[in-house]
Number of protein chains: 2
Amino acid sequence: MADRSPNNSVNLLIGYFEKMLPLTEEEKELVASRFQPRLYRKRQFILQEGDVCNVVSFVVSGCLRLYKVDQAGATHIIQFAMENWWVSDMGSFYSRKPSEMSIDAIEDSTVLQIKHDDLLDLYTKAPKFDRLFRVLVERSLVGMQERLLQTISSDATVRYEFFLKQYPDLANRIPNTYIASFLGITPEFLSKIRNKRVLR
Amino acid sequence: MADRSPNNSVNLLIGYFEKMLPLTEEEKELVASRFQPRLYRKRQFILQEGDVCNVVSFVVSGCLRLYKVDQAGATHIIQFAMENWWVSDMGSFYSRKPSEMSIDAIEDSTVLQIKHDDLLDLYTKAPKFDRLFRVLVERSLVGMQERLLQTISSDATVRYEFFLKQYPDLANRIPNTYIASFLGITPEFLSKIRNKRVLR
DNA sequence: AAATAGCCTTAAACTAGATTAAGGGTCCGG
DNA sequence: CCGGACCCTTAATCTAGTTTAAGGCTATTT
């Protein structure tokens, strides 16, 4: 009998953790009991500006975006989160203060979520998750550093080429306006870059 | 008898940790035995591009910079590290691959350093440090995200004002060329911004 | 005491990228 | 099957920030 239960996706997450560090049965059960699967429709909010971010989400399928809308009304995408990525506004999540950012679904997406108190509980009940999340956050930090470096040291054309290399499939999955907003340029200018690219 | 031993600075670090989480005597001794104090003179390298980053440094006094020199020869400062800050190239540190970045001292600086293998050892001997460093890295990530957001959504004038608010004393301690390189603009343009500011 | 090397500033010419505006395509929902 | 909401593109004009060049000011080295 194949496992078609709702817990299906939790097994995916357990497999993900075990690629890093093997878990005991109790730890697996802890994960299964604390992470809730949830479906978000395209354009649905996971986190809305002004609310306190109360969950960390692991993307099982689909794609989310973490972004901020500035005073002028322009949106700036900080991070895309696809299959096997994590998202949340960690600043708001830990400080328990209203977020200045938003998270929404770019495609219909399935995620596994853990609430703030449950995560803290997970950490104390099973310190292995302190290590697991330390490593995950370290990886995020390295990625974020690279992105910052790119942003301050390369022009838009180089940044776009790099984006295409780093997320080859994403370019065909999401609108160019989102890519522009991620790269920190206008859709019009991205269009110009793409046009030059084809001619070459 | 006042403690004027070389271990003096380690007590500072232990105090720093205990503000987050109390340590047992064994844990304190572990810290004292694994962290080495070291003095760097102004302009001396802590990490040089092409080398594997083998230490994490905690700044006791002075100021360091983490930066990258691009193909055109321009330097881009990713992070300043002053008293009570941490620096390293975490990407290189964990992957054990040559770093594309450099770290050097802006002022004569005292740091406490832990080597790669000693840190891994510290994590396994005292899992509390998994949590401690998880929290530290989370804070870094939040800061890095804010900085990225600033960089892609605000113009240079706003970024400079923000820098002055966030590091009020630093502005008087380091050359403006460094600030420009941190903000991602030329020293000439920073000079223009500063000039406009005074007139207002 | 001179000399060299940083560092800061000013100003003119230039460029990457923004803004504004307009037209056309496609995918829904009613 | 039609109307609107998105989305992509092209082109003209504009601007924030770069480049190049030059001059002066301090501090450190010789």
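Proteins come first, then strands; the chains are lettered A, B, ... in the order of their sequence lines, and each starts at number 1.
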(Q) Nearest 0.5 angstrom please: Phe182(A) CZ to Phe80(A) CZ, how far? (A) 6.0 Å
(Q) Side chain of Arg159(B) only, heavy atoms from C-beta on: which candidate in dG17(D), dT10(D), dT9(D) is closest? (A) dG17(D)
(Q) Please determine whether a side-chain nitrogen or oxygen atom of Thr186(A) lies at a distance below 4.0 Å from atom OP1 or OP2 of dA18(C). (A) yes
Q: Find the distance Asp155(B):CG to dA16(C):C1' and express it as a whole number of Å.
A: 16 Å
Q | Cation-pi check, Arg134(A) onto Tyr123(B) ring (under 6.0 Å, within 45° of axis) | A | yes
Q) Between Tyr167(B) and Trp85(B), how do the two ring planes meet: parallel, tilted or perpendicular, split at 30° and 60°? A) tilted
Q: Check each of Val87(B), Leu64(B), Val111(B), Leu66(B) against Ile46(B) using the side chain to side chain contact (heavy atoms under 4.5 Å, CB included) test, and report the only one that passes.
A: Leu64(B)
Q. Would you say Ser154(B)'s side chain and Arg159(B)'s backbone share a donor-acceptor pair under 3.5 angstrom?
A. no
Q: Give the rounded distance in Å between these two atoms: CG of Asp108(A) and P of dC28(C).
A: 11 Å
Q: Looking only at side-chain atoms of Arg43(B), point me to the closest of dT9(D), dG17(C), dG6(C).
A: dG6(C)
Q: Among the candidates dA18(C), dA21(D), dA21(C), find the nucleotide nearest to the side-chain atoms of Phe189(A).
A: dA18(C)
(Q) What is the separation between atom NZ on Lys42(A) and atom P on dC27(C), rounded to the nearest whole Å? (A) 11 Å
Q) Rounded to whole angstroms, how far apart are CD1 on Ile193(B) and P on dA16(D)? A) 11 Å
Q.
Rounding to an integer number of Å, can you tell me how far Tyr160(B) OH sits from dA16(D) P?
A. 19 Å
Q.
Under a 3.5 Å cutoff, is there a donor and acceptor pairing between the side chains of Asp104(B) and Tyr67(B)?
A. yes
Q: To the nearest Å, give me how far apart CG (Asn195(A)) and P (dG17(C)) are.
A: 16 Å
Q: For DNA chain C, find the residues of residues 166-185 of chain B with a heavy-atom distance under 4.0 Å and give them by number; none if there aren't any.
A: Pro175(B), Asn176(B), Thr177(B)
Q.
Which nucleotide wins on minimum distance to the side chain of Glu188(B), given the candidates dG17(C), dA11(D), dA21(D)?
A. dA21(D)
**Q.** Non-neighbouring partners of Asp117(B) that pass salt bridge (charged side-chain N to carboxylate O under 4.0 Å, His left out), sequence neighbours left out
**A.** none
Q | Whole angstrom value for the distance that separates P of dT19(C) from NZ of Lys192(A) | A | 13 Å
Q: Give a yes/no on whether any side-chain N or O of Arg194(B) is located under 4.0 angstrom from OP1 or OP2 of dC8(C).
A: no
